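The structure appears right after this line, and notes come after that.
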Number of protein chains: 2
Amino acid sequence: MPIVQREIHRFQNFLVAQGLKITNERTALVREIFSTHYHFDADELLFKMKEKSVKISRATIYRTLELLVRSGLVRRVHLGEDHYHYEYVSGNSHHDHLICTTCGSVIEFHDPSLEARQLEICERKKFTPTFHNLQILGICDACRRKGEQPASPDRVQMITEDAMQLRK
Amino acid sequence: MPIVQREIHRFQNFLVAQGLKITNERTALVREIFSTHYHFDADELLFKMKEKSVKISRATIYRTLELLVRSGLVRRVHLGEDHYHYEYVSGNSHHDHLICTTCGSVIEFHDPSLEARQLEICERKKFTPTFHNLQILGICDACRRKGEQPASPDRVQMITEDAMQLRK
DNA sequence: TGGCTATTTGAGACTAAGTCTCAGTTGCAG
DNA sequence: CTGCAACTGAGACTTAGTCTCAAATAGCCA
């Protein structure tokens with residue numbers, strides 16, 4: 001069974017378990033999220049749906065994202081910008097982010113010894129951790145190689161620009 | 001020389017060095033920031049000034065905060081809420097935050113071995129870090145002791161509520 | 001299958017945080 | 001003291017997100 005189908009299934013189970021309804025809008029959104037985007041924001045999603053001529057209102061996007069977060073399928077994260085981003089979880093455990101400030105790409109990593117050290121710190125401060133959030137901002141390998149050349153648009157930027165064009 | 005005076009001085013040096021002007025508004029804001037608040041947001045600052053009958057517009061608050069960040073005296077941080085917070089730097093090096101999700105209090109810590117580990121991770125991923133950002137959310141010692149008792153207002157909450165009252 | 005009703009949706013008003021504009025004011029170099 | 005570049009305040013504007021309410025619909029039950 002492809003991942004998308006499995007995740008749609010999981011979400012529907014969650015909905016039923018919560019006494020909520022399985023609607024076309026909700027299913028279409030989960031399909032979209034799990035078939036393409038790894039990291040995305042609400043606006044990107046809204047735009048993608050518009051692009052595909054699937055009419056879903058902004059309110060529904062936000063409402064569904066909230067449900068997805070509650071269901072544990074999706075996580076809401078800050079990626080150093082002034083609005084939230086979302087990423088899907090699909091079974092993988094917690095991870096943190098390296099964020100390239102030049103091209104905007106996001107590299108994930110998970111490091112148990114980093115996590116362990118955090119727990120030690122919490123213990124020392126008598127703090128009971130429930131969640132954490134680490135972003136390391138900097139320059140990715142590809143951008144560093146390109147050096148100081150006046151930013152020739154890379155993949156991520158091109159996507160963004162295309163999106164901007166279409167949005168107009 | 002009291003800290004406040006020293007920081008006002010530093011900021012004025014920065015302004016002069018940048019060909020910018022030393023104004024009453026800028027000086028009043030730096031004095032306010034460095035004499036009381038450790039962590040604060042723009043709105044709190046705006047409110048505090050209003051309270052003291054020092055008329056400073058929202059635009060100037062934001063403009064001055066930007067200058068303070070550029071001067072390195074103040075840092076802009078995310079503390080798990082949907083708007084920015086600021087904290088003053090005053091010579092101390094980088095640190096990260098434990099944030100209590102019950103009372104909102106913020107505990108700072110600095111852990112060299114955590115930082116070292118982060119550098120190792122970056123090296124492995126060929127990523128050149130410039131900055132990072134770690135928040136650990138959870139429950140502080142005081143709140144944990146209070147257990148499940150329906151949140152009796154603690155210091156931080158009281159301050160917030162007072163502020164809300166006055167703002168009306 | 002068809003009706004009923006609680007849930008959901010869309011449209012758009014609203015809010016919060018922050019930015020921008022522009023006319024009037026002020027710091028400060030000469 | 002004067003002139004002008006820099007600054008400020010007021011408020012319009014923007015962006016991201018929330019809320020409201022009437023209309024639509026999922027899905028239970030007969």
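Remember, it's a predicted structure, so these values are computed and weren't measured experimentally. Numbered from 1 within each chain, the chains take letters A, B, ... in sequence-line order.
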Across the strands shown, which category fits B:Arg63 at heavy-atom distances under 4.0 angstrom: base, sugar-phosphate, nothing?
-> base
Pick base, sugar-phosphate or nothing for A:Asp82, based on heavy-atom distances below 4.0 Å to the nucleic acid.
-> nothing
So if I take every side-chain heavy atom of [X] and compare against [options], which nucleotide ends up nearest?
X	options	answer
B:Ala59	D:dG11, D:dG27, D:dA16	D:dG11
B:Thr60	C:dA11, C:dT19, D:dT8	D:dT8
A:Ala42	D:dG17, D:dA6, C:dT8	D:dG17
B:Lys21	D:dC7, D:dG17, C:dC20	D:dC7
B:His83	D:dT8, C:dG18, D:dA16	C:dG18

Hey, what's the ring geometry for A:Phe131 with A:His94, parallel, tilted or perpendicular (30° and 60° as the breaks)?
-> perpendicular
Output yes when [X] and [Y] qualify as a salt bridge under the 4.0 Å nitrogen-oxygen rule, no when they do not.
X	Y	result
A:Glu32	A:Lys48	no
B:Lys146	B:Asp141	no
B:Glu66	B:Arg70	yes

By nearest nucleotide on DNA chain C, pick out whichever of A:Lys55 and B:Tyr86 is the more 5' one.
-> A:Lys55
Could you pick out which residue, B:Glu25 or A:Glu25, lies toward the 5' side of DNA chain C when each is mapped onto its nearest nucleotide?
-> A:Glu25
Would you say B:Asn24 reaches C:dG27's phosphate, i.e. side-chain N/O to OP1/OP2 under 4.0 Å?
-> yes
May I ask you to verify if any side-chain N or O of B:Tyr62 is less than 4.0 angstrom from the OP1 or OP2 atom of C:dG18?
-> yes
If each of A:Thr23 and B:Ile61 is mapped to the nucleotide of DNA chain D with the nearest heavy atom, which maps nearer the 5' terminus, i.e. the 5' end?
-> B:Ile61
Base C:dG10 to side chain A:Arg58, donor-acceptor N/O within 3.5 Å cut-off = no
Euclidean distance, atom CZ of residue B:Arg26 to atom C1' of D:dG9 [Å, nearest integer] = 14 Å
